[in-house]
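Structure record follows, encoded as structure tokens.
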Amino acid sequence: MKKIAVFTSGGDSPGMNACIRAVVRTAIYHNMEVMGIVHGYDGMINDEFIPLDAKSVANIIHRGGTILKTARSKEFLTLEGRKKAFANLKKHGVEGVIVIGGDGSFKGALEFSKECDIPFVGCPGTIDNDLIGTDFTIGYDTAINTVVEAVDKIRDTAESHDRLFFVEVMGRDAGLIALRAGIGVGAEAILIPETKTDVEELIKKLESGRKNKSSKIILVAEGDDAGGAFKIAEQVKQRLPYYDTRVTVLGHIQRGGSPTAMERVNASRMGFAAVEALMKNERNIMIGIVDKQITYTPFEHAVKHIQELNPDLMRMVNILSL
Ligand code: F6P
């Protein structure tokens, strides 16, 4: 293989730059040329290819976001769009592609593989951690640390005013950010899409636990089945008016910021492994790290399954919360 391309796709996540850097430097070490594709699949369609050398990825390991920019491409969902993308990859002599993104990005690569003979290898990049085949996706560790830092601050003011806070965190389909960050901040309850949220049960808990602590923090994943932090808080307010209730939505601060040390190491390992996988003629697989070891998971499998919640963790959450 003489020339590969790398791009980022879907929601950005801290650590993507560390992964790009590892891809570029590993490929150059193995005498390959590297093209960066700007703006994800849209850039592949619109011919936004740029050459990347070792220097072009200097001093990016610590930076959040992605130097290659990203997009959620609608045009790539069409056959027409994919044909343009394929023609551009061919035009630039690309023989292998590394995609850093989440399940939507891998679904796109899988569809593409039916029409395009160029091998794709994926690195899991999403703050949500909602892919099977890796313990941590690129961005997750930084995101949960960002949430912990923000909620610690909310705890200070909540404690001063004896308030009940509902804090909404990202996670459209998965509650893994809420779960881990919730454990980290000692949340009184964690509401996630993977488990049925019983608002009546929550109200009972808040009633009986009223005297336990002066402040209470409830972490709500945005995709929670009871309808998000504002809706749940409204129901609780009506039933328990003696609670001074506030809602905070953390939003996109969770996607930015300098990646943690763990993130930088994991992202570097995955980028490095992705290049080596292409060299071993692997295709349509996602690189992961499970129990500290590099693993390969077929795209088909990674996109169809979501990480199962660890039952021990869930049991512990119930015991340590309210
Ligand atoms: O990247 C995944 C994610 O962070 C989800 O948790 C969230 O629902 C979504 O992105 C929001 O993305 P955007 O605002 O870019 O559409």
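Ligands are counted one by one from 1 in listed order, and the atoms in each one are counted from 1 as well.
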Considering only heavy atoms of [X], which atoms of ligand 1 have at least one such atom less than 4.0 Å away?
X      : result
Met170 : 4 (O), 6 (O)
Gly171 : 6 (O)
Glu222 : 5 (C), 6 (O), 7 (C), 8 (O)
Ile127 : 4 (O)

*asked:* Please determine whether a side-chain nitrogen of the Lys or Arg among Glu188 and Arg155 lies less than 4.0 Å from a carboxylate oxygen of the Asp or Glu.
replied: yes
*Is it true that Asp128 and Arg172 have a side-chain N and a carboxylate O under 4.0 angstrom from each other?*
no
*Is there a donor-acceptor pair closer than 3.5 Å between any side-chain N or O of Arg82 and the backbone N or O of Phe76?*
yes
_Starting from atom 6 (O) of ligand 1, what is the nearest protein heavy atom, named by residue and atom, and what distance separates them?_
Asp128 OD1, 2.8 Å
_Return the closest protein heavy atom for atom 12 (O) of ligand 1 as residue, atom name and distance._
Arg72 NH2, 2.8 Å
*Test of ring centre spacing under 6.0 Å for Tyr41 and Phe7*: yes
*In a check of side-chain contact (heavy atoms from CB on, under 4.5 Å) between Met1 and each of Met279, Glu95, Glu33, His30, which one passes?*
Glu95
*asked:* Is it the case that atom NZ in Lys69 sees more than 12 heavy atoms from other parts of the structure closer than 6.0 Å?
replied: no
*What part of Arg255 sits under 4.0 Å from ligand 1 if we count only heavy atoms: the side chain, the backbone, both or neither?*
side chain
*For His252 and ligand 1, answer yes if some heavy atom of the residue is under 4.0 Å from a ligand atom, otherwise no.*
yes
